[in-house]
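Report on one structure; see the data block that follows.
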Amino acid sequence: MVVDGVEEGLSFVDLSLAGREPWRIARRIRAARGAGAERPGVMLLGGFKSDMQGSKATHLDAWAEREGRAFVRFDYSGHGESSGRFEDGTIGDWLAQSLAVFEASTRGPQILVGSSMGGWLALLMARRLVEQGRRPHALVLIAPAVDFTEELIWKNADDVIRRAILEEGAWMRPSPYSPEPTPITRRLIEEGRAHLMLEDVIRVNAPVHIMQGMRDEDVPYRHALRLMECLACDPVVLTLVMEGDHRLSRSEDLAHLTATIEAL
């Protein structure tokens with residue numbers, strides 16, 4: 001269905017980078033309607049091994065439909081309905097795909113909503129936009145796993161895990177969210193070092209709101225406090241959710257998410 005020149009529903013963005021297999025990136029777009037067209041659109045960047053059919057994505061889509069807001073969600077390569085193998089992906093690949101979807105799918109001011117790894121990608125996107133003389137309208141970061149390949153995986157890995165990554169090419173990490181383990185590849189770790197952010201000031205030239213569960217076992221809330229220090233030059237709000245886990249997908253968490261977006 002086409003609304004005001006926007007093709008709604010499932011479509012694809014084709015992307016090729018030098019030295020990489022071409023990608024066919026699946027996206028779902030909801031066009032703005034009525035008074036919603038006067039407010040910023042929303043783009044969701046999902047987490048590591050998450051897809052656009054998850055609880056936050058579908059909640060935001062239902063909210064956007066009710067409110068007439070423009071909304072874009074998509075799957076990185078190796079995720080959901082997009083092409084590619086998950087174990088071939090890197091932060092740089094998923095950043096390039098995020099930027100391509102942003103350019104092909106959005107109009108006017110946008111609020112970037114980044115969940116877990118998507119929080120890191122949203123900040124990288126915002127930095128790229130600033131370099132181009134542009135900026136997002138605002139960022140909402142949910143348990144942002146900034147620099148997670150280095151800070152939360154590599155630095156916490158013992159010798160057995162590091163040998164598996166370096167010598168065997170991957171460590172099969174047990175996942176609490178799936179019966180299948182998640183491959184953590186040497187390429188993911190090493191390529192991720194080109195995108196680290198926490199050792200410097202991060203400028204996005206836009207308001208940032210961070211939502212962080214205090215019972216998050218994947219991204220400890222102290223990680224969000226460290227990120228706050230790096231974002232000191234921008235207006236930043238941190239909401240610590242006392243009973244919240246990493247997903248922050250309870251009904252009250254999702255209600256707080258949409259209220260935060262509306263306030264921005």
Side-chain angles (χ1 to χ4, degrees), residues 6-29 43-54 56-57 72-106 110 112-129 131-132 145-150 152-154 157 161-175 177-197:
V6 176
E7 181 182 358
E8 289 197 309
L10 177 65
S11 59
F12 296 87
V13 175
D14 293 315
L15 177 63
S16 297
L17 295 181
R20 308 291 286 136
E21 290 290 328
W23 297 298
R24 191 164 174 78
I25 302 303
R27 64 178 175 178
R28 280 183 164 83
I29 299 177
M43 178 173 171
L44 175 66
L45 295 97
F48 190 58
K49 218 175 182 183
S50 297
D51 62 47
M52 60 177 165
Q53 300 290 7
K56 284 186 282 292
V72 178
R73 49 183 166 144
F74 70 102
D75 289 330
Y76 312 114
S77 61
H79 294 66
E81 297 168 278
S82 290
S83 69
R85 300 194 314 157
F86 174 82
E87 55 266 36
D88 291 336
T90 67
I91 300 302
D93 292 342
W94 297 327
L95 172 61
Q97 295 158 17
S98 302
L99 288 163
V101 171
F102 180 84
E103 296 295 348
S105 312
T106 66
Q110 298 293 317
L112 302 180
V113 178
S115 177
S116 193
M117 179 182 76
W120 184 7
L121 291 171
L123 289 167
L124 289 168
M125 275 186 63
R127 185 167 68 181
R128 188 71 58 86
L129 292 172
E131 291 170 355
Q132 298 170 358
V146 182
D147 296 4
F148 80 92
T149 51
E150 194 72 14
L152 302 179
I153 296 180
W154 185 254
I161 293 172
R162 290 189 178 190
R163 277 198 302 272
I165 293 172
L166 294 176
E167 298 174 11
E168 300 170 24
W171 164 52
M172 302 306 292
R173 181 189 191 189
S175 171
Y177 311 115
S178 168
E180 298 296 324
T182 300
I184 304 298
T185 66
R186 177 171 180 170
R187 189 165 186 270
L188 175 72
I189 297 294
E190 293 182 344
E191 198 276 344
R193 290 173 180 147
H195 307 285
L196 301 180
M197 307 186 83

Output field: ring centroids F86/F48 closer than 6.0 Å: yes
L45 side chain near F74 side chain, heavy-atom distance below 4.5 Å: yes
Residues L17, Q97; criterion side chain to side chain contact (heavy atoms under 4.5 Å, CB included); working and verdict: CA-CA 10 Å; L17 295 181; Q97 295 158 17; over 6 Å; no
Whether R186 side chain and I165 backbone form a donor-acceptor pair below 3.5 Å: no
From Q132 atom CD to R127 atom CZ, the distance as rounded to the nearest 0.5 Å: 12.5 Å
Closest contact, heavy atoms only, H195 versus L124: O-CD2, 3.7 Å
Pair E21 + R85: basic N to acidic O under 4.0 Å: no
Under 3.5 Å: donor-acceptor pair, side chain of S83, backbone of R24: yes
Any donor-acceptor pair under 3.5 Å from R27 side chain to A104 backbone: yes
CE on M125 to CZ on F102, rounded to 0.5 Å: 5.0 Å
For the student: nearest non-hydrogen atoms of S82 and A26, plus distance: OG-N, 2.8 Å
R187 side chain to D88 backbone, donor-acceptor under 3.5 Å: yes
R20 CZ to D93 CG distance, which is reported to the nearest 0.5 Å: 4.0 Å
Working for side chain to side chain contact (heavy atoms under 4.5 Å, CB included), residues I161 and W154: CA-CA 9 Å; I161 293 172; W154 185 254; over 6 Å; no
Within-4.5 Å side-chain heavy-atom neighbours: L10 and M52: yes
Straight-line distance of M172 CE to T185 OG1, nearest 0.5 Å: 10.5 Å
Nearest heavy-atom neighbours spanning K56 and L44: C-CD2, 4.5 Å
Smallest separation among heavy atoms of D147 and W120, with atom names: N-CD2, 3.3 Å
Where A122 and L112 come nearest, the two heavy atoms and their spacing: O-CD1, 3.9 Å
Value rounded to 0.5 Å, distance of CD1 in I153 from CD1 in I184: 4.0 Å
N/O donor-acceptor pair under 3.5 Å between Q53 side chain and G80 backbone: no
Short side-chain to backbone donor-acceptor contact, H79 and S77, under 3.5 Å: yes
Rounded distance [0.5 Å steps], OG1 in T149 versus CE in M117: 10.5 Å
Any donor-acceptor N/O pair, Y76 side chain to I91 backbone, under 3.5 Å: no
D75 (side chain) donor-acceptor with D51 (main chain) under 3.5 angstrom: no
Test item: Q110 and V72 side chains (from C-beta on) under 4.5 Å apart, heavy atoms: no
Whether S98 side chain and W94 backbone form a donor-acceptor pair below 3.5 Å: yes
Expected output: side-chain S115 to main-chain G118 donor-acceptor under 3.5 Å: no
